[in-house]
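The chains referred to below are lettered A, B, ... by the order of the sequence lines, with proteins before strands, and numbering in each begins at 1. Note that the structure is predicted; figures quoted are calculated from it, not measured.
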Amino acid sequence: MLATLVDAPFDDADWLFETKWDGYRAIAAVHNGKVQLYSRNEKDFGKDYPAVVAAVENIAHSVVLDGEIIVLDSKKNSHFQSLQNYKTTGKGNLVYMVFDLLHLNGNELQQLTLLERKSLLKDVVTQLGDKRVQYSGHVLKKGKAFFEKARRQHWEGMIAKKADSPYEEGRRSASWLKIKVTNEQEAIICGFTAPRGSRKKLGALVLGLYDDKQLKYIGNCGGGLNEATLDMLSKKLQPLVQPTSPFDRKVRTNMPVTWVKPKLVCQVKFSEWTGDGILRMPVFLGLREDKPPSDVHPETPKTVQTMATVTATAEKDRVLTLNGKKVNLTNQQKIYWPKEKITKGQLVDYYLSVAQYILPHLKDRPMSLHRFPNGIDKPSFYQKDLDLEQTPAWIKSIALHAASTGKDVDYLLCNNEAALAYMVNLGCIEINPWLSRTSKLDNPDYVVMDLDPENIDFKYVVEAALHIKAFLDPYKITTFCKTSGSTGLHIYIPTGGKHSYDTGRLFAEYIARQVNKQLPKSTSVTRAKAARNKKVYLDFLQNSRGQTVAAPYSVRPKPGATVSMPLQWKEVNEKLKISDFDLFNSQERLNENGDIWHDIQTTKNDLRKFIRDVEQSADS
DNA sequence: GACATCG
DNA sequence: CGATGTCAACGCGTG
DNA sequence: CACGCG
Ligand SMILES: [Mn+2]
Ligand SMILES: [Mn+2]
């Protein structure tokens, strides 16, 4: 379980607050006196910290502990530097500071509340009675005061945890928030400058990180480098020297640079980011040998999606200037998710933060508005027809004829941030675009298979999805899968706009019926609910003009503020859960991986062979 | 959520 | 003035 | 044509 970085402390009775210890995160599994100690990348720590192993060995139970390996100074502070020092010199008060208990004597505890788990953990630690294993305490509710203490003590920061939260394995969670006193950032060493004056070996480190998959220059760091550190860095960097810059773009450094392969990761602290994304006053803190360079991304404080900002942005209304238009945002503090206490303002912030990724999937597509003006637990309604009288003039729309009512409908087009924010302000929690665009309204860009489980375990949805992929793979047809964010999965099959809705629907029906033949027990192609109880409904009927599917990266009006998340096919497995992706953790995935559905519009599938088989089956 | 109408 | 009321989809399949 | 369904 990882913490989400936020930017300000808060008081809340549902939360508890712990010291943020500065060392290496480590899991210890103790079973029959045997100990496994490892990092969150499953790197074995046992050999590096035999003292910790020796201490936890004496625990008289079978346990799995979560904690941080640190060096405590006389003031009970931890510094990453001291731990580095311990590794080379063996000096310092090494402590395994534990804060969670996952298993106890064969019982899985993940589903207990945090407070229940910590209470059991405290008993285990007390019973052990070894100074090398300590229990990380907490304060309840008063986060602001605790943050002041963190500042005075020069801690790295504090962790806010939801008191009733379960333990979420391996995931970054909205129930654990990291609030830092100083800014820190992992960075990749990409080169170094020549030494000046009395300094030896090297002058400053040239740092970079991966932003949207691109290696980006983030500044030079000359602070925090003493003679021993310079010596160590120089030794490690020499073998990595290369003639050319690892950056795609030319970087402006004042000094000539010796470039190195971007392999070595370090931790720096800094005062702030400059406007053009450069670290101001960075100070080197140490190497992060536990981190692969590909994992180094901007750790931007999540100013927006937190308890913290709700109080900070406590104003009722906001006016944002987006795309040169003033967008009035009303009732920003209104609660849209009562249980999660997520506000309308947070929803706006989410969509603006992922706008660059979601907008390409919305451009020129008529929108079905599904409005929840009073949150997810109150009545909602659909709206397709805009009242152009009361719509800002800068909102683009298109008038389209509805066959069933014989009326013309003015559909909203969501082509920029301003329109997106406007939609959300109307109470649109989810974003429902057509499958076709204004340039070719009767030809969808993709055929969609909508997999809806009806009282059946999600693993059968995964199974059905993999069967659909396996069925299409032999035709060399590229398919894209995402969570629906509600209960099922969506599979998109790009058609290059070469076929009508009617044809696309026939494709989808053919696929659905074939897969239903393979999995008759667990799937159904019948829309009537009674006929598909305890089955996965292979819904092919969304492939029609005017019908919609929740867009990629759309939030859903569901508990947990889940998000429809594009997946790699290898992620479509037994571990996948709908709840893996929500309004809090989706941006981070996007910042790291970019839009993995970016290519869906340009993917060219040759469907000729497939069409032959569909026609053949229609004949017989 | 936005607007019209009522008391 | 605030309180209250009104309105905000559509296509497909089945019986 | 009304209704269920998403
Ligand atoms: Mn669905
Ligand atoms: Mn469906």
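Whole-Å rounding puts the Arg532(A) CZ to dG4(D) P distance at 14 Å. Rounded to whole Å, atom P of dC5(D) lies 17 Å from atom CG of Leu538(A). Residue Leu329(A) contributes atom CG, which lies 13 Å from atom C1' of dG1(B) at whole-angstrom precision. Rounded to an integer number of Å, the gap from Ile395(A) CD1 to dA2(B) C1' is 15 Å. Following rounding to the nearest Å, His370(A) (NE2) and dC5(D) (C1') show an atom-to-atom distance of 14 Å. What separates CD of Glu454(A) from C1' of dG6(D) is a distance of 11 Å, to the nearest Å.
Spacing of P atoms, dG1(B) relative to dG11(C), comes out at 28 Å, to the nearest Å. Rounded to whole Å, the separation between the C1' atoms of dC3(D) and dA9(C) comes to 16 Å.
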With B for base contact, S for sugar-phosphate-only contact and - for none (protein heavy atoms under 4.0 Å), nucleotides 8-15 of chain C reads BBBBSS--
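Using a distance-only test at 3.5 Å, with no hydrogens or angles considered, no donor-acceptor pair links the side chain of Thr526(A) to the main chain of Ala528(A).
Taking the ring centre of Tyr537(A) as origin, the terminal cationic atom of Arg532(A) falls inside the region bounded by 6.0 Å and 45° from the ring axis.
Note on Glu574(A) versus Lys459(A): no salt bridge recorded, every NZ/NE/NH1/NH2 to OD/OE distance being 4.0 Å or above.
No contact: Asn374(A) has no heavy atom under 4.0 Å from any strand.
When the side-chain nitrogen and oxygen atoms of Asn331(A) are compared with OP1 and OP2 of dG1(B), one or more of them lie within a distance under 4.0 Å.
Residues passing the ring pair (Phe, Tyr, Trp, His ring centres under 6.0 Å) test with Phe458(A), sequence neighbours excluded: none.
Under the 4.5 Å side-chain criterion, counting only non-hydrogen atoms from C-beta, Val327(A) is not in contact with Thr321(A).
Taking the six-membered ring for Trp and thresholds of 30 and 60 degrees, Phe471(A) and Tyr475(A) have ring planes more than 60 degrees apart, a perpendicular arrangement.
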